[in-house]
A.B. asks: 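Starting off with a structure, shown below.
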Amino acid sequence: EVRVEIGFLVQVDYADGAFSLRLPMTFTPRWEGPNQHVGPNLVRDTDDAEFPNKVRSYDAPQPVLTAVSTDHHLTLDINLPAPTGLARLESRYHDVDIQAVPGGYQVRLADTQTEPGARSDRLFELNWAPAYGRAPAASLMTWDGGDAVYALLMLAPPLPEALAPQAREVVFVIDTSGSMEGGSLRQAQAALREGLGFLAPGDRFNPGDRFNIVRFDSETEMLFDESMPAVPFYLDGAVTFIDHLVANGGTDMAPALDRALGLPRHDGLLRQVVFVTDGAVGNEQDLLLQIAERLGESRLFTVSIGAAPNSGFMRKAAAIGRGSHSHIGRQEEVGERMAQLWARIEHPALQNLCVDWGMEAEFYPEIIPDLYAGEPLWLHARLPFEPQQVTVCGELEGRDWETTSTLSPVAGGEDLAMLWARSKIEALQDSRIFGVDPASVRRQVVELALRFGLLTPYTSLVAVDRAQARPDTEALEVEQVPGLLPAGSAVAVSFAPTATGWPAQLALSLLSLLI
């Protein structure tokens, strides 16, 4: 028996007055796109600039249905420091036992052998809200690493009620591919109905608002040729359109993005594209480049659906789209999550942000996104010496706005340097999307990763056990250990590479019988 222990550092999310930690436990099989197969179970990777003819195998462990698996139980212990106390602490998708301890809380999963919530067929999410009433407007924390000072700047936006809604054009894009079959499509349909409800005439209705819907699988269909006014006649027709959606086919996302971002413009309206999908695609880099090139003055908001969405791609798409990312993991939270999303997108708090560090600074993200109500902004910086204050400026409801953040009395730690290094690595990797030489990116990433001890596509965690555990005459045995399909998934694992739904699988079965 070999025991391997791996540690990692991650910054928890903060939105709508609460923190959240999300740990993926399984994945949704990816759709790789057409015309890429070069043999049985093989696919050519045309997106890799360093190895353009690389062939990858589909013989990776395939997920199995939760109902037919008797193992895959999850054990999880969490120590959560909370010296000021918490107003709320909850696990979204797993049953947990919570115990107050000195200085914080201890959280454990409920009986891991009997409770279905302890299975690894869904994402684990822990949420907690501080007991104080509202987050500070801005905070700055630093750590002196000797060669440089590393800083973390958090800017909290105004409360939604302090801002006036902005006239906008909302374009909903919904994924109806085979991987969305079952609970994922029902959640996506409910999310769109909720979104249309927020657009309906009422206290928050802006007479100039417009909307449209684009649905996609292997093909793309648009409800209207151009976005229409958000009035009952068009909204009722949109609800009927949503109710008749079915899941089938591949996840061909690029044409849907083109249609949504290429709609005719309406003067005075901010275009907001709300993209609802499980993100089960394999061509992430092409799609991110497409978003960067086609975005213009639009903003892209992503809503990941299901028990195990491709959240990494969805977050990155929202970041490049200067929007935000939300996740809906079960039907009961559709209303809550969509209400939170709507509170953000109807209140863009600050636009065209700028930061004055008072000195030369290397900070990330380099392109500062917009700031939305209920969602703070985090910046990681490397400075020649410790700043006394940092000035943040931008546009608030069309007017110039500025605030100053002073140094927090709470000292930072070495983690700030690692967070900065990881942010820079992410920026370097993203630069390949825009044509930066991959060899140069690799060289810089490896240098940073080795210096700060970070895992990257070019560096690995290596464990060496020199004790001989197997006679030289015995060969190594290789066994596939399948993960669990996401909870509620109805996708057959034998067709995972194309993520087709039941109609396509039935057609293939009938064809086999005919042959």
A.B. asks: Side chains of Arg337 and His327: does their closest heavy-atom pair fall under 4.5 Å?
C.D. replies: yes
A.B. asks: Can you find a side-chain donor-acceptor pair between Tyr458 and Gln429 that sits under 3.5 Å?
C.D. replies: no
A.B. asks: Just by distance, with hydrogens left out, do Arg265 and Ser298 show a side-chain donor and acceptor under 3.5 Å apart?
C.D. replies: yes
A.B. asks: How long is the straight-line distance from CD of Glu336 back to CD1 of Ile328, given to the nearest 0.5 Å?
C.D. replies: 10.0 Å
A.B. asks: Of Ser311, Ser177, Ser179, which meets side-chain hydrogen bond (donor to acceptor under 3.5 Å, both in side chains) against Asp278?
C.D. replies: Ser179
A.B. asks: Could you go through Leu288 and Gln285, starting from their C-alpha distance and side-chain angles, then the distance that decides it, and tell me whether this counts as side-chain contact (heavy atoms from CB on, under 4.5 Å)?
C.D. replies: CA-CA 5 Å; Leu288 295 175; Gln285 183 168 324; 5.8 Å; no
A.B. asks: Specify the closest pair of heavy atoms between Gly195 and Trp342, including all atoms of both residues, with the distance to one decimal.
C.D. replies: O-CH2, 3.8 Å
A.B. asks: Looking at every non-hydrogen atom in both residues, tell me the closest pair between Tyr150 and Leu416 and how far apart they are.
C.D. replies: O-CD1, 3.9 Å
A.B. asks: Distance-only, no hydrogens or angles: does the Glu169 side chain make a donor-acceptor pair with backbone N or O of His266 under 3.5 Å?
C.D. replies: no
A.B. asks: Name the one of Glu333, Arg330, Arg122 that satisfies side-chain hydrogen bond (donor to acceptor under 3.5 Å, both in side chains) with Tyr93?
C.D. replies: Glu333
A.B. asks: With distance as the sole test, does Arg271 use its side chain to make a donor-acceptor pair with the main-chain N or O of Leu261 at under 3.5 Å?
C.D. replies: yes
A.B. asks: Measure across Ala339 and Phe198 and return the closest heavy-atom pair with its distance rounded to 0.1 Å.
C.D. replies: CA-CZ, 3.5 Å
A.B. asks: With a 4.5 Å heavy-atom cut-off, do Ser227 and Val171 have their side chains touching?
C.D. replies: yes
A.B. asks: On a heavy-atom basis, which atom in Ile174 and which in Ala188 lie closest, and how many Å separate them?
C.D. replies: CD1-CB, 3.8 Å
A.B. asks: Let me confirm one number: the CG-CG distance from Leu353 to Leu379, rounded to the nearest 0.5 Å.
C.D. replies: 8.5 Å
A.B. asks: Mind listing the closest non-hydrogen atom pair of Leu185 and Ala247 along with its distance?
C.D. replies: CD2-N, 3.6 Å
A.B. asks: Take Val392 and Ser405, measure what side-chain contact (heavy atoms from CB on, under 4.5 Å) needs, and give me the verdict at the end.
C.D. replies: CA-CA 8 Å; Val392 182; Ser405 174; 5.7 Å; no
A.B. asks: Aromatic rings Phe19 and Trp128: how do their planes relate, parallel, tilted or perpendicular, breaks at 30° and 60°?
C.D. replies: parallel
A.B. asks: Assess whether side-chain contact (heavy atoms from CB on, under 4.5 Å) is satisfied between Leu287 and Leu257, documenting all intermediate values.
C.D. replies: CA-CA 9 Å; Leu287 294 170; Leu257 283 169; 4.1 Å; yes
A.B. asks: I'd like to check Cys393 versus Asp356 (side-chain heavy atoms, cut-off strictly below 4.5 Å). Are they in contact?
C.D. replies: no
A.B. asks: Give a yes or no answer on whether the side chain of Thr176 reaches the backbone of Phe216 with a donor-acceptor pair at less than 3.5 Å.
C.D. replies: yes
A.B. asks: Roughly how far apart are Leu263 CG and Asp225 CG, rounded to 0.5 Å?
C.D. replies: 9.0 Å
A.B. asks: Under a 3.5 Å distance rule, please check whether Arg382 uses its side chain to pair with a backbone N or O of Glu362 as donor and acceptor.
C.D. replies: no
A.B. asks: How about Ser326 and Phe301: do any of their side-chain heavy atoms sit closer than 4.5 Å?
C.D. replies: no
A.B. asks: Could you please spell out the steps behind the side-chain contact (heavy atoms from CB on, under 4.5 Å) verdict for Trp357 and Leu153?
C.D. replies: CA-CA 10 Å; Trp357 299 89; Leu153 175 67; 4.0 Å; yes
A.B. asks: Less than 4.0 angstrom from a charged side-chain N to a carboxylate O is my criterion; do Glu426 and Arg315 meet it?
C.D. replies: no
A.B. asks: How many angstroms lie between CG in Leu140 and CD in Glu386, if you round to the nearest 0.5 Å?
C.D. replies: 8.0 Å
A.B. asks: For Leu450, which of Leu448, Leu454, Val446 qualifies under side-chain contact (heavy atoms from CB on, under 4.5 Å)?
C.D. replies: Val446
A.B. asks: Given 3.5 Å as the limit, does a donor-acceptor pair link the side chain of Asn310 with the main chain of Gly279, or not?
C.D. replies: yes
A.B. asks: Tell me, do Tyr364 and Glu366 make a side-chain contact under 4.5 Å, heavy atoms counted?
C.D. replies: yes
A.B. asks: Salt bridge between Asp147 and Arg451, side-chain N to carboxylate O under 4.0 Å?
C.D. replies: yes
A.B. asks: Any heavy-atom pair between the side chains of Phe363 and Leu383 that's under 4.5 Å?
C.D. replies: no
A.B. asks: May I ask you to test the Ile242-Leu196 pair for a side-chain heavy-atom distance under 4.5 Å?
C.D. replies: yes
A.B. asks: Can you tell me how far apart CE (Met180) and CG (Asp217) are? Round to the nearest 0.5 Å.
C.D. replies: 11.0 Å
A.B. asks: With a 4.5 Å heavy-atom cut-off, do Thr277 and Ser304 have their side chains touching?
C.D. replies: no
A.B. asks: Please find the pair of heavy atoms, one from Ser218 and one from Gly250, that lie closest to each other, and give the distance.
C.D. replies: OG-N, 2.8 Å
A.B. asks: Look only at the side chain of Arg259 and the backbone of Glu221, and say whether a donor-acceptor pair between them is shorter than 3.5 Å.
C.D. replies: no
A.B. asks: Are the ring centres of Phe224 and Phe241 closer than 6.0 Å?
C.D. replies: no
A.B. asks: To the nearest 0.5 Å, how far apart are CZ in Arg168 and CZ in Phe211?
C.D. replies: 13.0 Å
